[in-house]
Amino acid sequence: MKLARRVGSIQPSPTLAITSKAKAMKAQGIDVVGFGAGEPDFDTPDHIKTVAKKALDDGYTKYTPVPGTPELKDAIIAKLSRDNGLEYKRENIIVSVGAKHSIYNVGQALFEEGDEIVIPAPYWVSYPDIALLAGATPVIVDTKEEAGFKMTPEQLDRAITPRTKCVILNSPSNPTGAAYTGEELKRIAGVIVRRDVTVLSDEIYEKLVYDGFRFVSIASFGEEIRKRTIVVNGLSKAYSMTGWRIGYVAADKDLVAAMTNIQSQSTSNPVSFCDKAAIEALNGPHDFLKEWVAEFDRRRRTIVDRLNRIPGVSCLLPQGAFYVFPNFSRVYGKKTPSGKVIDGSSALAAYLLEEHKVASVPGVAFGDDACQRLSYATSMKTIEKGIDRIEQAIGMLS
Ligand code: PMP
Ligand code: GLU
């Protein structure tokens, strides 16, 4: 069968691929340590599950409005006002089947052939492919580890051309955990307004921040930036609801209307009883989050500390999310005991997985071949065991 040309330009999500490979190895009885997971290891809180079960029992199992029910939109509007100081109307909100779907729909509604989409690297794996699927051209801006993996306003200014349609910002970041301060965002916002481009702000990790970091949405610096911002968020990370598939966008009403048309011709509504559960998640108690953040914080410190003790490895302390992005480039060029040369992050990931049973995602998937992404959404015991293995694996290179 002759497939459409567009699929030739994309690859399967490497993060999902590694996670499923590690799970398959575990199912075969292999003792794999999984640092691949892009999801919290906590269960969805009970009060949210109870509402979903009740919705099923009440027969809430039919089609619902395509962009999400008015009640869910109102819960999102209240959340954006409460947490981010952003005021929206229902016509500005669309709920989709996960934030990835939200971003995909933005791509389909906004990007086209000839458009350039500015994406700071390291980036989340799906951004460039979503741009490509819409026929647009990703323009990658390499950030520096010394700059905390953050794009400077000057770098952004240089990357923007008359063809630039949108800039994709992700703070806190997957894979680096870097988070922009309010001051840094204000300067980025200044460039976006001055150069009159759009920004997609992926805020899905906003609740997972450490050391008293204060999350600020770039849309909150006044009307000029707000009208150019597409806020993306979702329930996967803050409520451990990855499988429920609820993500949303707050943006200009014309964009939301276009995305609703696309959705009405593709997936239709978000799952009915997940819509109810999402209302409970957003409006209900959030006390569990404190414990989750404290636990992530403990693991974050341990994993960073352990990695920095391995000769040849260096790792920044991330401010948010649940990933670390250690630099292994000083061991590149060395050989494994079986004679394979570690010539980059893919070779290192393969060596760690195949010979030491540790799953990580090669940095090249995020646009930075010097690093590996390790998720610490796993128990402290698993972290200790996995880092022991990495330490041993690196020590065996010559
Ligand atoms: N954005 C980022 C930065 C992510 O890491 C993820 C993780 N899966 C998503 C969006 C999509 O999340 P979901 O589709 O589960 O809502
Ligand atoms: N976003 C998560 C990750 O980066 C989940 C996997 C995916 O959606 O690609 O691992």
Side-chain angles (χ1 to χ4, degrees), residues 10-23 34-41 44 68 72 76 94-107 119-131 133 149 168-180 199-209 215 217 230-250 263 267 270-271 274-275 277-278 281-282 296 318-325 349 359-368 371-378:
I10 62 158
Q11 50 168 345
S13 163
T15 45
L16 290 179
I18 299 270
T19 311
S20 78
K21 189 168 177 189
K23 278 188 183 156
F35 284 133
E39 58 187 351
D41 53 322
T44 306
L72 177 51
I76 292 167
I94 173 169
V95 187
S96 302
V97 188
K100 189 187 285 185
H101 185 219
S102 303
I103 302 166
Y104 177 80
N105 280 350
V106 170
I119 304 174
Y123 46 74
W124 179 46
V125 293
S126 293
Y127 301 144
D129 288 38
I130 285 173
L133 275 170
F149 290 122
I168 300 186
L169 267 197
N170 173 216
S171 172
S173 150
N174 175 3
T176 64
Y180 290 78
V199 58
L200 184 157
S201 176
D202 181 345
E203 306 183 352
I204 199 158
Y205 294 101
E206 76 163 304
K207 298 287 179 201
L208 306 178
V209 288
F215 174 84
S217 172
I230 302 157
V231 174
V232 175
N233 210 323
L235 275 67
S236 285
K237 317 292 173 174
Y239 303 92
S240 201
M241 290 175 71
T242 48
W244 301 66
R245 315 307 302 129
I246 296 283
Y248 59 87
V249 157
Q263 201 156 289
T267 55
V271 175
C274 295
D275 183 307
L282 292 166
F296 277 142
Q319 290 129 315
F322 42 70
Y323 309 102
V324 283
F325 203 55
S360 59
V361 188
V364 68
F366 307 92
D368 187 343
C371 301
Q372 291 284 316
R373 189 190 79 175
L374 308 184
S375 157
Y376 52 88
T378 187

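Just follow the structure's listing: the first ligand is 1, and inside any ligand the first atom is 1. Worth knowing before you read on, the calculation uses all heavy atoms, side chains too, and leaves out hydrogens, waters and symmetry mates.
Residues A377 and F296 approach most closely at CA-CE2, 3.8 Å, considering heavy atoms. Contact detail for G36 and R373: the closest heavy-atom pair is O-NH2, 3.0 Å.
In summary, the atoms of ligand 2 found under 4.0 Å from a heavy atom of N174, numbered by their order in the structure, are 1 (N), 3 (C), 4 (O). Listed by number with element, the atoms of ligand 1 under 4.0 angstrom from any heavy atom of G98 are 14 (O), 16 (O). Of all atoms in ligand 1, numbered sequentially from 1 with element shown, those under 4.0 Å from a heavy atom of N174 are 3 (C), 4 (C), 5 (O). Listed by number with element, the atoms of ligand 2 under 4.0 angstrom from any heavy atom of L16 are 6 (C), 7 (C), 9 (O). Atoms of ligand 1 found under 4.0 Å from any heavy atom of K100, numbered from 1 in the order shown, are 11 (C), 13 (P), 14 (O). Atoms of ligand 1 lying under 4.0 Å from any heavy atom of Y127, numbered from 1 in the order shown and given with element: 3 (C). For ligand 1 and S236, the ligand atoms under 4.0 Å from any heavy atom of the residue are 13 (P), 15 (O), 16 (O). Listed by number with element, the atoms of ligand 2 under 4.0 Å from a non-hydrogen atom of K237 are 1 (N), 2 (C).
No close placement of the F366 and F149 rings is indicated, their centers lying 6.0 Å or farther apart. For F215 and Y205, the gap between ring centers reaches or exceeds 6.0 Å.
Considering backbone and side-chain atoms together, K237 places an N or O closer than 3.5 Å to an N or O of ligand 1. Residue T242 has no nitrogen or oxygen atom sitting less than 3.5 Å from a nitrogen or oxygen atom of ligand 1, judged on distance alone. The distance criterion of under 3.5 Å between nitrogen or oxygen atoms is met by Y205 with respect to ligand 1. Considering backbone and side-chain atoms together, N170 places no N or O closer than 3.5 Å to any N or O of ligand 1.
V231 places a side-chain heavy atom less than 4.5 Å from the side chain of S217. In this structure the side chain of P362 reaches within 4.5 angstrom of the side chain of V364, judged on heavy atoms. Residues P318 and Y323 form no side-chain contact, since every pair of their non-hydrogen atoms from C-beta on lies 4.5 Å or further apart. By the 4.5 Å heavy-atom criterion applied to side chains, T267 and R245 are not counted as neighbours. Inter-residue side-chain proximity for Y104 and D129 is flagged as unmet; no heavy-atom pair is nearer than 4.5 Å. The closest side-chain heavy-atom distance from V125 to Q11 is not below 4.5 Å.
Among protein heavy atoms, the minimum distance from atom 3 (C) of ligand 2 is reached at R373 NH1, 3.5 Å. The closest protein non-hydrogen atom to atom 6 (C) of ligand 1 is W124 CZ2, 3.5 Å. Among protein heavy atoms, atom 9 (O) of ligand 2 sits closest to T15 OG1, 2.6 Å. The protein non-hydrogen atom at the shortest distance from atom 14 (O) of ligand 1 is R245 NH2, 2.7 Å. For atom 12 (O) of ligand 1, the closest heavy atom belonging to the protein is I204 CD1, 3.5 Å. Of the protein's heavy atoms, W124 NE1, 3.2 Å lies nearest to atom 1 (N) of ligand 2. Among all protein heavy atoms, the one lying closest to atom 16 (O) of ligand 1 is A99 N, 2.6 Å. Given atom 2 (C) of ligand 1, the protein heavy atom at minimum distance is D202 OD2, 3.4 Å. Protein heavy atom in closest approach to atom 8 (O) of ligand 2: K100 NZ, 3.0 Å.
Residue-level proximity to ligand 2 for T242 is absent, since no heavy atom of it falls below 4.0 angstrom.
With sequence neighbours left out, the side-chain hydrogen bond (donor to acceptor under 3.5 Å, both in side chains) criterion links S13 to T15.
Only one option out of V361, V324, T378 pairs with F35 in a side chain to side chain contact (heavy atoms under 4.5 Å, CB included); it is T378.
Remark: the backbone N or O of S240 is paired with a side-chain donor or acceptor of T44 at under 3.5 angstrom.
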